[in-house]
Each structure stands twice: as structure tokens, then as C-alpha cells.
Amino acid sequence: MKTIGDKLEAFRVTGVKPGFNQHEENGVSAFEDITESSFPGKWKVIYFYPKDFTQVCPTEIIGFNALTEAFETRNAVLMGGSTDNEYAKLAWRRENPELSRLNHYQFGDTTGALVDQLGIREKSEGVALRATFIVNPDNIIQHVSVNNFNVGRNPDETLRILDALLTDCLCPCNRALGGPTL
């Protein structure tokens, strides 16, 4: 599993843009490729969940969604995904009123390009564990948290961790990991 100080390597997943519920709206596609080069100059908060249409996942997604603006004010893009495809994500948005018109990216990693690179595929089920990665603008991982299927996350804690990472620090080890320094 990749950990703090490791760099994200090349990957490509299919992103579902914020605000979309249909695969095309007003002549604009809901989908875009997301790669390691997407969102230049921004921090990335990437969270994974096992499957779409499950009970625990909507609670977390709704919690993260409520904080989208707070992440954006910190120059961070929020992305949540699973190994289910992009069409499943749109169908879930249409079926669950609380997920309708999400204001942050979702992504489908059907090939495992990111899940396998990060080492978070659960072996017996073949899906992503509940993992959260905070990645700096240079694609260096600054935080990792991985939970089992039945343990949800607290999105407010993820925001608190991002705030701590954004705080200037004199610690030489922070510089070695690509984190902020004075």
C-alpha cells in the first residue's frame, strides 16, 4: 500500500462532474477523465468506498458533500469513488435524493488503475476499502487512512487533518515528505 511520502503515479479514472444526474445535460457530458495531472496546483482529497447503492456509503458521501466548499476554500478538490462505473454513480444520484446533484467529483475506477496503485483493494470482495488519501499539489501523499467495510469515516476529521497539513511547520521531516514549510 502506498503511504505518506509516496507519489501518485500515472492513472486514469472516469470522473462524474459535480452537479450532474444524467450522462448529458444541456449538451454537456457528465463525464471527464481524471488523471494524476488533473487539478494542477490543488490539494486532492480522495476517498474510496466499496460499492455504490450501499447503506453506509451515502452517509459518508453526504457528509463529505456538506464540506465541499470548505475543502475548496483550502485549495483542495474533493473526489469520492469506487470500482463501480460512472453510470452506476449517476443512477445512485437519481435514486437517492440526498445524493442528487452532488457538488463534488465522484469517479469510477473500473480497471483498478488507482485502487490497485494505492493498494486498497480488499482481497476477497475485490472492491476498494474505505480509504482516504490527502495528496499535495505535487502528487505526494500526505495522509492515509484505511477502514474496513463496516467502519464509516468522519468527514470533519478529514478537513481537520487537511488544515493541519496546510499549517506551516518547521519540522525538517515535513520538508522531506513534500509538506509545507516556513
Query - Straight-line distance of Asn103 CG to Leu67 CG, nearest 0.5 Å - result: 10.0 Å

Query raised in the report: Are His104 and Ile61 close enough that some pair of their side-chain heavy atoms sits under 4.5 Å apart?
Result: yes

Query raised in the report: Tell me, which pairs form a ring-ring contact (aromatic ring centres under 6.0 Å, His included) where one or both residues lie in residues 21-42, sequence neighbours left out?
Result: Phe31-Tyr87, Phe39-Tyr105

Report task. Return the set of residues passing side chain to side chain donor-acceptor pair (under 3.5 Å) with Tyr49 (not counting sequence neighbours), or none when no residue passes. Result -> Asp52, Gln106

Query - Pairwise salt bridge (Lys or Arg N to Asp or Glu O under 4.0 Å) hits with a residue in residues 125-135, at least two apart - result: Glu60-Arg130

Query raised in the report: Between the side chains of Thr110 and Asn85, does any donor sit under 3.5 Å from an acceptor?
Result: no

Query - Residues forming a salt bridge (charged side-chain N to carboxylate O under 4.0 Å, His left out) with Glu25, sequence neighbours excluded - result: Arg101

Query - Those residues that, when tested against Asn96, pass side-chain contact (heavy atoms from CB on, under 4.5 Å) (two or more places apart) - result: Pro58, Trp92, Glu98, Leu99

**Report entry** Asp156 backbone acceptor or donor facing Asn154 side chain under 3.5 Å
**Finding:** yes

Query - Pairs involving residues 110-121, ordered by first then second residue, that meet salt bridge (Lys or Arg N to Asp or Glu O under 4.0 Å) (sequence neighbours left out) - result: Asp116-Arg121

Query raised in the report: With distance as the sole test, does Asn136 use its side chain to make a donor-acceptor pair with the main-chain N or O of Asn139 at under 3.5 Å?
Result: yes

Query raised in the report: At their closest point, which heavy atom of Tyr47 faces which heavy atom of Arg153, and how far apart are they?
Result: CB-NH1, 3.6 Å

Query raised in the report: Do the side chains of Leu162 and Gln142 get nearer than 4.5 Å, heavy atoms only?
Result: no

Query raised in the report: Residues two or more places apart in sequence or in another chain: which of them pass salt bridge (charged side-chain N to carboxylate O under 4.0 Å, His left out) with Asp109?
Result: none

Query - Contact list for residues 3-22, test salt bridge (Lys or Arg N to Asp or Glu O under 4.0 Å), sequence neighbours left out - result: Lys2-Glu9, Arg12-Asp33

Query raised in the report: If you group Ile, Leu, Val, Met, Phe, Trp and Tyr by side-chain heavy-atom gaps below 4.5 Å, do Leu129 and Val13 land in one group?
Result: yes

Requested in this report: Would you mind reporting whether Gln22 and Leu90 have side-chain heavy atoms less than 4.5 Å apart?
Outcome: no

Report summary line: In short, Ile34 meets Phe11 closest at the heavy-atom pair O-CE1, 3.7 Å

Query - Selection residues 70-88 - residue pairs positive for salt bridge (Lys or Arg N to Asp or Glu O under 4.0 Å), sequence neighbours left out - result: Arg74-Asp163

Query raised in the report: Under the ring-ring contact (aromatic ring centres under 6.0 Å, His included) rule, what pairs show up with a residue in residues 106-141, not counting sequence neighbours?
Result: Phe48-Phe107

Query - salt bridge (charged side-chain N to carboxylate O under 4.0 Å, His left out) involving Arg160 - partner list, sequence neighbours excluded - result: Glu157

Report task. Applying ring pair (Phe, Tyr, Trp, His ring centres under 6.0 Å), name anything that partners His143, two or more places apart in sequence or on another chain. Result -> none

